[in-house]
Amino acid sequence: MYLIHNGVAVIQLDHPPVNSLGHALRKTIHTAVVAAQADSGVCALVLIGSDKAFSAGADVSEFGKPEQAAFPLITDVFARIDACTKPVVAAISGVALGGGLELALSCHARVALASAKLGLPEITLGLIPGAGGTQRLPRLIGVAAAYAMMQSGAAQTAQQLEASGLLNRVVERDVLAAALALALELGHGGEALPRARDRQPDATAARAFIEAQRARLTPRQRQLPANMALLDALEASTDTDFDAGLKTERSLFLGLLGSTSAKALRYQFFAEREAVKLPATLQAVPKSFETLGIVGAGTMGSGIAICALDAGLRVILLEQDAAALQRGCLRIADHYAARVTAGKMKASVAALSEARLTPTTDWTLFSRVDLVIEAVFEDLAVKQDVFRKIDAHTRAGAVLASNTSYLDVDAIANATKRPQDVLGLHFFSPAHVMKLLEVVRGTQTAPEVLATGMALGRALKKTPVPTGNAFGFIGNRIYNAYRKQCEFMLEDGAWPEEVDAALEDFGFAMGPFKVADLSGLDIAWRMRQAQASSRDPRERYVDILDALCAQGRLGRKTGAGYYTYTDGKAGKTTDALVRQVIEAASSRRGITRRPLLPEQIQRRALLAMVNEAALLLAEGVASRASDVDVVLVQGYGFARWQGGPLFWAQQQDRATLQTDLQQLARQSGWGFVLADLEPLLPTSGATL
Ligand code: COA
Ligand code: NAD
């Protein structure tokens, strides 16, 4: 239960991997504190976790499940610690997150290793801290700092928090010894430390701050109920009655627990952790890699190089000529210089990263690489030519990857004599920022090569998601279906700004026509021209984009696309010329334009995504429904708190979903393939 060191009871939290506060661990702590309180041989208590985790907080998988059978609840444990008449010291190493940090806050003092990471990430799960965090933290560090920590959900190191008032001592090593020393001081009648609950906040200033923050919440922030609840809970912390504040916090927390946004965010939490693992049938031992070869130092190649350097890998970056190489290197150097100037990275760390980079135009250096990522122009012939060179210059057994967005990975692999070593690694732009990485399995990709792609993704701190080799893989294929449906809606009667507004209201970061203008309409135009000869004339093909491009409206970069831009800012509505182009398209198709309500727009766009996702799953391109949701959230601006298109589908009434999908098929015309949604929908009564 606990060990006694010099009269201090040391309670070890031992619930691998991360000491999440599930029922068993709560019971252990509660029992140990009760026993230590009663033990006359004990003058103080220390709570300590593992090197990896003091505690990662409440067990997320218990959220949404019935509470009654679970005494002691987390709040019972904290109340017990709070009421302990002997000093209780938290010894923090690894992470103290969410309920884990609240556990430390309920202790009477806190000692942490400088490297420990502390945070209250509940907002990222659509919640607020529900076990005293919103009441104790402002009493310790002030309402503004507490709000910043809870509103961002981001963790900070103990070193960063040293002067905040949260920690009593920060040490470089041996946190247990430091905690024991403090516990002994306090236990032997040293100066008593006021518990967090006994401190009084400056209520007037705090209330003014909270009011100002309420007024500053953006409409997008207001879509997440936890953002408002957090301010309500903080307001309760300004009350002198601590227990009343705790009650308010708990009831706000419980109110959020069953909300759709909290369910969706919990679902994403587990979906992301599932996505990065290969399904059992595809698992294999990854190859090791230390040196990466990157071909092409353009937008993507230089971004990929940055994340590989940051992950401690050596990078040999190859370009076709010295000028292009210099441009790429400059981009990388500028990135590091900006990080250092912004205080986000130490100059010494940046220098170490840059020292691992070898820029070259000499293919013979590729004999040293373990893994190659090709990021040259999106042109099959160019890529095949590059892969022949890669094949000629890399050692047997090296893993060879292409960052193609749409091209056939098999056609690229077959340019080499070792297609089993080839796969796709589809990074997103900017590659050093975006978390998503589609790991594409070609027909002949060997299992250990696929596993190496996944391992590289994890090493680069990405979310690697396995996908089959089909046009657009998972993400671009679904996005194309969505965008196509949005174009149908233009022909049917909606204006671009109505479609964009409806989808932004649903939670997309940006509507599809604004996205198209931002990326440049000419990319899609070129692809459409390339596909023109193979397009079936019966297909419902919307040529509005082609007409805009023909008039030189290529998007934001030319000052006009679907929208007209003044000083880089889009007009609120599309102009007369765009409306004429759209009306002409409607009349060519014989459509009498009818306005669409925002809910109709949202539903059609979502159904199109759901249908395409079901096809991808049936074809085996996506392995798991939840992978699709991870891809859409991480790579395409689908609101995380809406869970993803398949999570959305699972919340809908089944019968209506099926009827609406059939109507969508009719609206979409020839070429629309209706998917079977049954395998995606939960059996009745299943909960998320
Ligand atoms: N509840 C339940 N399970 C948790 C958990 C929690 N709070 N935190 C982590 N886990 C599980 C993960 O699901 C994973 O399980 P798996 O191996 O079966 O997939 C395992 O612990 C390891 O987590 P993972 O995220 O893969 O490891 P990591 O070393 O990359 O990160 C943490 C560790 C603690 C930093 C990270 O898991 C984390 O941020 N957890 C969430 C903390 C949180 O939000 N707490 C607030 C709850 S109120
Ligand atoms: P880019 O034009 O910025 O860079 C391509 C680079 O490749 C250029 O610097 C060029 O000099 C170099 N190159 C061309 N042929 C070469 C050769 N034979 N040997 C060595 N270098 C050569 O292009 P990008 O945007 O970085 O795209 C690269 C790849 O990444 C494409 O396949 C693209 O589809 C894919 N991709 C791009 C994005 C994006 O948003 N830009 C996103 C995901 C994937």
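As a basis for the values below, the full set of heavy atoms in this structure was taken, side chains included, without hydrogen atoms, waters or symmetry mates. Each ligand, and each atom within it, is numbered from 1 in the order the structure gives. Only a predicted model underlies this, so the values are computations on that prediction, with no experimental measurement involved. Here, residue 1 is the first one in the sequence, and each next residue gets the next number.
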- Message: Looking only at protein heavy atoms, which one is nearest to atom 33 (C) of ligand 1, and what is the separation?
- Response: Val18 CG1, 4.1 Å
- Considering only the protein, which heavy-atom contact is closest to atom 3 (N) of ligand 1, and what is its distance? Asp59 OD1, 4.3 Å
- Message: I'd like to know if the side chain of Thr360 pairs up with that of Asp362 as donor and acceptor (distance under 3.5 Å, no hydrogens or angles considered).
- Response: no
- Which residue supplies the protein heavy atom nearest to atom 44 (O) of ligand 1, what is that atom called, and how far is it? Pro121 CG, 3.4 Å
- Item | 4.5 Å side-chain heavy-atom contact, Ile390 and Val295 | yes
- Protein contact to atom 17 (O) of ligand 1 [nearest heavy atom, distance to 0.1 Å]: Lys277 NZ, 4.2 Å
- Query: Taking all non-hydrogen atoms of both residues, which atom of Ala451 and which atom of Leu278 are closest, and how far apart?
  - Reply: CA-CD1, 3.8 Å
- Task: Measure from atom 7 (N) of ligand 1 to every heavy atom in Ala58, Gly119, Gly130, Gly133 and give the option owning the shortest one.
- Result: Ala58
- Task: Using a strict 4.0 Å threshold on nitrogen-to-oxygen distance, state whether Arg136 and Asp82 make a salt bridge.
- Result: yes
- Message: Within the structure provided, determine whether Leu400 and Ile412 are in side-chain contact (heavy-atom separation under 4.5 Å).
- Response: no
- Message: Any nitrogen or oxygen of Ser20 lying under 3.5 Å from a nitrogen or oxygen in ligand 1? Just yes or no.
- Response: no
- Message: Can you check atom 23 (O) of ligand 2: any protein non-hydrogen atom closer than 4.0 Å?
- Response: no
- What residue and atom, counting heavy atoms only, is the protein's closest point to atom 20 (C) of ligand 1, and at what distance? Pro17 CG, 3.8 Å
- Message: Between Arg624 and Asp627, does any side-chain N to carboxylate O distance fall below 4.0 Å?
- Response: yes
- Taking atom types as modelled, find out whether Thr404 and Glu378 have a side-chain donor-acceptor pair closer than 3.5 angstrom. yes
- Note on the structure: Counting from 1 in the order shown, the ligand 2 atoms closer than 4.0 Å to a non-hydrogen atom of Lys383 are 31 (C), 32 (O)
- Message: Is there a side-chain contact between Leu166 and Leu105 in this structure, where contact means two heavy atoms from C-beta onward sitting under 4.5 Å apart?
- Response: yes
- Query: Which atoms of ligand 2 are found less than 4.0 Å from any heavy atom of Phe377?
  - Reply: 2 (O), 5 (C), 8 (C), 10 (C), 14 (C)
- Item | Nearest-contact summary for atom 4 (O) of ligand 2 - protein heavy atom, Å | Gly298 CA, 3.3 Å
- Is any heavy atom of the protein nearer than 4.0 Å to atom 39 (O) of ligand 1? yes
- Task: Please state which part of Val376 comes within less than 4.0 Å of ligand 2, counting heavy atoms only: side chain, backbone, both or neither.
- Result: both
- Answer yes or no for atom 30 (O) of ligand 1: protein heavy atom present at a distance under 4.0 Å? no
- Query: Between Leu97, Ile74, Ile128, Leu101, which one has a non-hydrogen atom sitting closest to atom 35 (C) of ligand 1?
  - Reply: Leu97
- Query: Applying a 4.0 Å heavy-atom criterion (strictly less than), which segment of His426 is in contact with ligand 2: side chain, backbone, both, or neither?
  - Reply: side chain
- Task: Give the intermediate values and the outcome of ring pair (Phe, Tyr, Trp, His ring centres under 6.0 Å) for residues Phe428 and Tyr636.
- Result: CA-CA 10 Å; Phe428 287 70; Tyr636 296 84; 5.6 Å; yes
- Query: Got Phe513 and Asp517 here, is their nearest side-chain heavy-atom distance under 4.5 Å?
  - Reply: no
- Message: Just to confirm my output: which protein heavy-atom neighbour is closest to atom 40 (O) of ligand 2, and how far is it?
- Response: Ser429 CB, 3.2 Å
- Query: Is the NZ or CZ atom of Arg273 positioned over Phe269's six-membered ring, under 6.0 angstrom from the centre and within 45° of the axis?
  - Reply: yes
- Task: Measure the CD1-CG distance between Ile294 and Leu313 for me, rounded to the nearest 0.5 Å.
- Result: 9.0 Å
- ligand 1 and Val60, any nitrogen or oxygen pair closer than 3.5 angstrom? yes
- Protein heavy atom at shortest distance from atom 41 (C) of ligand 1: Phe269 CE1, 3.5 Å
- Message: Looking at atom 11 (C) of ligand 1, tell me if a protein heavy atom falls under 4.0 Å from it.
- Response: no
- Heteroatom proximity flag, Gln320 to ligand 2, N/O under 3.5 Å: yes
- Task: Answer yes or no: does an N/O atom from Ala56 fall short of 3.5 Å to an N/O atom of ligand 1?
- Result: yes
- Query: Does the pair Asp522/Lys557 count as a salt bridge with the N-to-O cut at 4.0 Å?
  - Reply: yes
- Task: Check Leu407 against ligand 2 and report side chain, backbone, both or neither, counting heavy atoms closer than 4.0 Å.
- Result: neither
- Hey, what's the ring geometry for His393 with Trp363, parallel, tilted or perpendicular (30° and 60° as the breaks)? parallel
- Residue selection (non-hydrogen contact nearest atom 48 (S) of ligand 1) among Arg458, Glu122, Glu102: Glu122
- Just heavy atoms, cut-off under 4.0 Å: does Lys389 contact ligand 2 by side chain, backbone, both, or neither? neither
- Message: Pairing donors with acceptors under 3.5 angstrom, does anything connect the side chains of Glu249 and Thr134?
- Response: yes
- Item | For atom 6 (C) of ligand 2, closest protein heavy-atom neighbour | Glu319 OE2, 3.6 Å
- Message: Does ligand 1 come near enough to Lys52 that some N or O of the ligand is less than 3.5 Å from an N or O of the residue?
- Response: yes
- Salt bridge flag under 4.0 Å for residues Lys383 and Glu374: yes
- Looking only at protein heavy atoms, which one is nearest to atom 5 (C) of ligand 2, and how far off is it? Ala375 O, 3.6 Å
- Item | Side chains of Leu118 and Leu97 in contact at under 4.5 Å (non-hydrogen atoms) | no
- Provide, to 0.1 Å, the distance between atom 37 (C) of ligand 2 and the closest protein heavy atom, together with that atom's residue and name. Met300 CG, 3.3 Å
- Task: Indicate yes or no: at least one non-hydrogen side-chain atom of Pro279 is less than 4.5 angstrom from one of Pro466.
- Result: yes
- Note on the structure: From the list Glu272, Gln268, Lys462, side-chain hydrogen bond (donor to acceptor under 3.5 Å, both in side chains) partner of Gln634 resolves to Glu272
- Message: So Thr416 and Asp421, do their side chains get closer than 4.5 Å, heavy atoms only?
- Response: no
- Query: How far is atom 44 (C) of ligand 2 from its nearest protein heavy atom, and which residue and atom name does that atom have?
  - Reply: Ser405 OG, 3.1 Å
- The closest protein heavy-atom partner of atom 36 (C) of ligand 1 is Arg273 NH2, 3.8 Å
- Query: What protein heavy atom is closest to atom 35 (C) of ligand 2, reported as residue, atom name and distance in Å?
  - Reply: Asn403 O, 3.3 Å
- Item | Closest protein heavy atom to atom 18 (N) of ligand 2, given as residue, atom name and distance to 0.1 Å | Val386 CG2, 3.4 Å
- Message: Quiz question for you: does at least one protein heavy atom lie closer than 4.0 Å to atom 1 (N) of ligand 1?
- Response: yes
- Note on the structure: Checking heavy atoms under 4.0 Å, the part of Phe427 that sits near ligand 2 is backbone
- Query: Heavy-atom contact under 4.0 Å between Glu374 and ligand 2?
  - Reply: no
- Find all atoms of ligand 2 within a distance of less than 4.0 Å from any non-hydrogen atom belonging to Gly296, and give their numbers and elements. 7 (O), 12 (C), 21 (N)
- Can you find a heavy atom in the side chain of Phe427 that is under 4.5 Å from one in the side chain of Met434? no
